[in-house]
Trainee: 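Handing you this structure, nothing more for now.
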Number of protein chains: 2
Amino acid sequence: MSEDKISLKHGAGGTAMMKLVKEVVLKEITQKNQGSIGLDELDDGATIEVGDKTLVFTTDSHTINPIFFPGGDIGRLAIAGTVNDLAVMGGKPIAMACAIVFREGFLVDDFRKICKSIEATAREVEVSTVTGDTKVVERDALDEVIITTTGVGLANDLKTDSQLTPGDSIIVTGTIGDHETAILSHREGIKIKGEIKSDVAPIWKTIEAALKAGRVSAMKDPTRGGIAGALNELASKSNVGITLNEDDIPISNPVRNIDEMLGIDPLVLTNEGKAIIGVNGEDCDSVLEAVKKTKYGKNAQVIGEVTEEHPGKVALKTSVGGQRLVRATIGAPAPRIC
Amino acid sequence: MSEDKISLKHGAGGTAMMKLVKEVVLKEITQKNQGSIGLDELDDGATIEVGDKTLVFTTDSHTINPIFFPGGDIGRLAIAGTVNDLAVMGGKPIAMACAIVFREGFLVDDFRKICKSIEATAREVEVSTVTGDTKVVERDALDEVIITTTGVGLANDLKTDSQLTPGDSIIVTGTIGDHETAILSHREGIKIKGEIKSDVAPIWKTIEAALKAGRVSAMKDPTRGGIAGALNELASKSNVGITLNEDDIPISNPVRNIDEMLGIDPLVLTNEGKAIIGVNGEDCDSVLEAVKKTKYGKNAQVIGEVTEEHPGKVALKTSVGGQRLVRATIGAPAPRIC
């Protein structure tokens with residue numbers, strides 16, 4: 001590794017983080033599987049085989065500034081982030097662990113609000129918060145609070161990143177870029193016509209509807225790195241090409257306006273309540289219809305298709321008739337927000 | 001709650017933390033069980049029922065200063081801490097998730113050392129690290145690094161804090177106070193005759209030997225709050241009394257000397273490679289013998305017994321022939337070290 005220090009870009013979910021993880025973690029850790037999907041797969045989580053059941057298991061440390069933001073808070077984010085990682089592997093969330101590190105001086109009332117939010121978010125998908133940990137560190141030794149949530153889910157029909165197949169259609173379950181644009185515009189004090197709020201939500205019920213409605217091949221949670229990162233991972237791991245139609249990608253007007261103002265590509269922005277779903281072409285209509293009937297899937301659209309051409313790469317047919325490659329980012333496109 | 005801010009004592013594993021958790025978390029979170037042991041039990045972890053199997057599930061956020069210390073480092077601590085919580089519930093560790101939050105500027109070489117340590121510690125108990133997460137936060141926004149480990153174990157014979165019974169004997173698997181005394185004396189630059197190092201170790205094999213050798217009733221991982229905290233929890237949850245014999249409690253000479261110098265009671269100091277084991281009196285000898293044959297159980301001793309008298313309380317027969325109550329601490333007895 002040419003660099004000797006970890007920098008912010010290594011935490012941004014892009015190629016720099018992937019490189020660090022591959023060169024350090026995957027080399028040093030050698031006992032890394034307990035089921036078919038372990039650390040090497042760098043999927044949204046791992047599998048654990050227990051008797052004849054397949055569990056999925058995932059963990060995420062959450063920091064965000066501010067901790068209360070338009071559309072949610074760090075408690076909702078912590079539950080949704082982990083529920084959604086389980087969900088896109090086909091795992092029905094069953095139990096969550098929640099470890100909280102506070103900065104000394106944190107308000108007890110804020111802690112109570114966060115707990116209420118954790119409970120309300122968990123209730124949406126009927127998952128229990130069964131165990132946890134609290135630590136407190138000295139003032140100025142921490143962001144306000146870090147919440148690490150770890151989830152266990154039960155997968156009757158496991159989905160992994162490598163199962164996308166030419167002929168599949170790609171569905172996104174709603175508008176993209178809402179979470180990161182909401183945080184950015186709130187932090188920067190940008191005023192714009194139309195409300196922008198985070199999409200943070202636990203989307204297991206949307207995923208469950210998709211799984212029941214047709215042959216889903218692979219799914220991905222487009223958080224850090226956005227749909228650009230998620231689609232590149234799917235294309236690379238499944239060794240297929242993906243071609244998107246720019247006109248079909250759902251983006252709200254306020255998000256489009258702010259992203260244009262800030263010069264940020266919404267394809268690389270974090271989402272916290274969306275999924276990318278690869279589905280057999282024949283079942284695409286029925287899956288899309290089922291997704292659109294769910295609370296968090298109303299604005300779902302088919303945004304592209306899986307091809308044999310350009311394996312490992314994601315192409316975008318632009319609104320003006322051209323075509324360009326969509327790349328995963330190296331680091332963060334914008335200040336770290338999650 | 002009379003206090004409106006979270007302070008360091010709330011993270012110290014004593015009664016202040018218990019009060020905060022009970023008044024906030026246990027009130028606000030209402031979906032908190034997936035098996036027989038959930039959040040309300042405040043045990044070392046929770047249970048998850050999967051088919052006819054009982055899994056145990058536990059999480060812990062680890063911070064320590066310095067991250068490399070005599071006897072171990074934060075990687076070994078993170079694995080051992082979580083393995084031991086599973087172990088004292090009777091759970092054979094099967095899979096770990098590891099979420100790391102770095103401070104910007106953290107050395108890649110140190111990260112590599114930590115990964116090597118995680119792997120070496122996990123190998124001792126044949127547990128796999130199957131999934132993880134990395135985040136990076138701004139300089140000065142964090143201790144150097146926080147590692148949150150979450151473990152899943154398989155319990156063929158679940159042990160909970162409420163199963164201690166009058167007539168049981170209490171075994172401690174080795175000398176107490178080593179971890180916290182090592183960190184304190186290292187940080188304060190105290191020189192003393194004799195080596196002091198942390199006892200940090202994953203003790204599943206010691207626990208497994210105990211479980212095979214006799215009727216174990218309840219176990220506890222005496223980390224924050226020390227054996228005083230662990231024994232008070234057992235006494236309270238099992239509604240029994242515990243009487244300890246001061247002369248039987250194993251403490252190394254260097255630890256005793258430093259603790260006397262600093263005026264700290266070793267009973268309240270953190271251990272990271274020890275267990276408290278309650279065992280049916282008739283099986284005490286065979287369990288003690290089995291424990292002493294294991295790598296981390298050589299200095300095990302019977303330190304007391306479980307009584308019907310003084311339920312919920314822990315008494316200590318002192319070396320000089322008196323008796324005193326052993327209380328759980330309110331906050332930390334010494335600067336926060338874990």
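Chain A is the first sequence line, chain B the second, and so forth, proteins listed ahead of strands; every chain is numbered from 1.
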Trainee: With respect to chain B, which residue among A:Val152, A:Thr59, A:Leu154, A:Val21 yields the maximal number of heavy-atom pairs within a distance under 4.5 Å?
Mentor: A:Thr59
Trainee: Any side-chain heavy atom of A:Leu55 within less than 4.5 Å of one from B:Val50?
Mentor: yes
Trainee: With a 4.5 Å cut-off on side-chain heavy atoms, are B:Leu107 and A:Lys5 touching?
Mentor: yes
Trainee: Hey, which of B:Asp110, B:Val130, B:Thr58 has the most heavy atom pairs under 4.5 Å with chain A?
Mentor: B:Val130
Trainee: Given that the side chain runs from C-beta out, which part of A:Asn33 has a heavy atom under 4.5 Å from chain B: side chain, backbone, both or neither?
Mentor: backbone
Trainee: Using 0.5 Å steps for rounding, measure from the CZ atom of B:Phe106 to the NE2 atom of A:His10.
Mentor: 13.0 Å
Trainee: Do B:Asp60 and A:Lys135 touch side chain to side chain, with heavy atoms closer than 4.5 Å?
Mentor: yes
Trainee: Is it the backbone or the side chain of B:Ile114 that comes under 4.5 Å from a heavy atom of chain A, or both, or neither?
Mentor: neither
Trainee: Do A:Thr30 and B:Arg123 have side chains that get closer than 4.5 Å, going by heavy atoms?
Mentor: yes
Trainee: Taking every heavy-atom pair that is under 4.5 Å apart, which of A:Thr129, A:Thr131, A:Ile6 has the most such pairs with chain B?
Mentor: A:Ile6
Trainee: Below 4.5 Å, heavy atoms only, C-beta onward: do B:Leu20 and A:Thr134 meet side chain to side chain?
Mentor: no
Trainee: Go through A:Cys115, A:Cys98, A:Gly51 and name the one with the most non-hydrogen pairs under 4.5 angstrom from chain B.
Mentor: A:Cys115
Trainee: Determine which residues belonging to residues 42-49 of chain A lie within contact range of chain B, meaning some heavy atom pair is under 4.5 Å apart, and list them by number or answer 'none'.
Mentor: A:Gly45, A:Ala46, A:Ile48
Trainee: May I ask you to decide if A:Glu119's main-chain N or O and B:Gln31's side chain share a donor-acceptor pair within less than 3.5 Å?
Mentor: no
Trainee: Side chain, backbone, both or neither: which part of B:Val127 has a non-hydrogen atom closer than 4.5 Å to chain A?
Mentor: backbone
Trainee: Go through A:Ile94, A:Asp52, A:Asp109 and name the one with the most non-hydrogen pairs under 4.5 angstrom from chain B.
Mentor: A:Ile94
Trainee: Rounded to the nearest 0.5 Å, how far does NZ of B:Lys32 lie from OG of A:Ser128?
Mentor: 10.5 Å
Trainee: Tell me, side chain or backbone of A:Lys53 under 4.5 Å from chain B's heavy atoms, or both, or neither?
Mentor: side chain
Trainee: Based on non-hydrogen pairs under 4.5 Å, which of A:Gly38, A:Ala120, A:Ala97 is most in contact with chain B?
Mentor: A:Ala97
Trainee: Without swapping roles, check the side chain of B:Glu28 against the backbone of A:Lys113 for a donor-acceptor pair under 3.5 Å.
Mentor: no
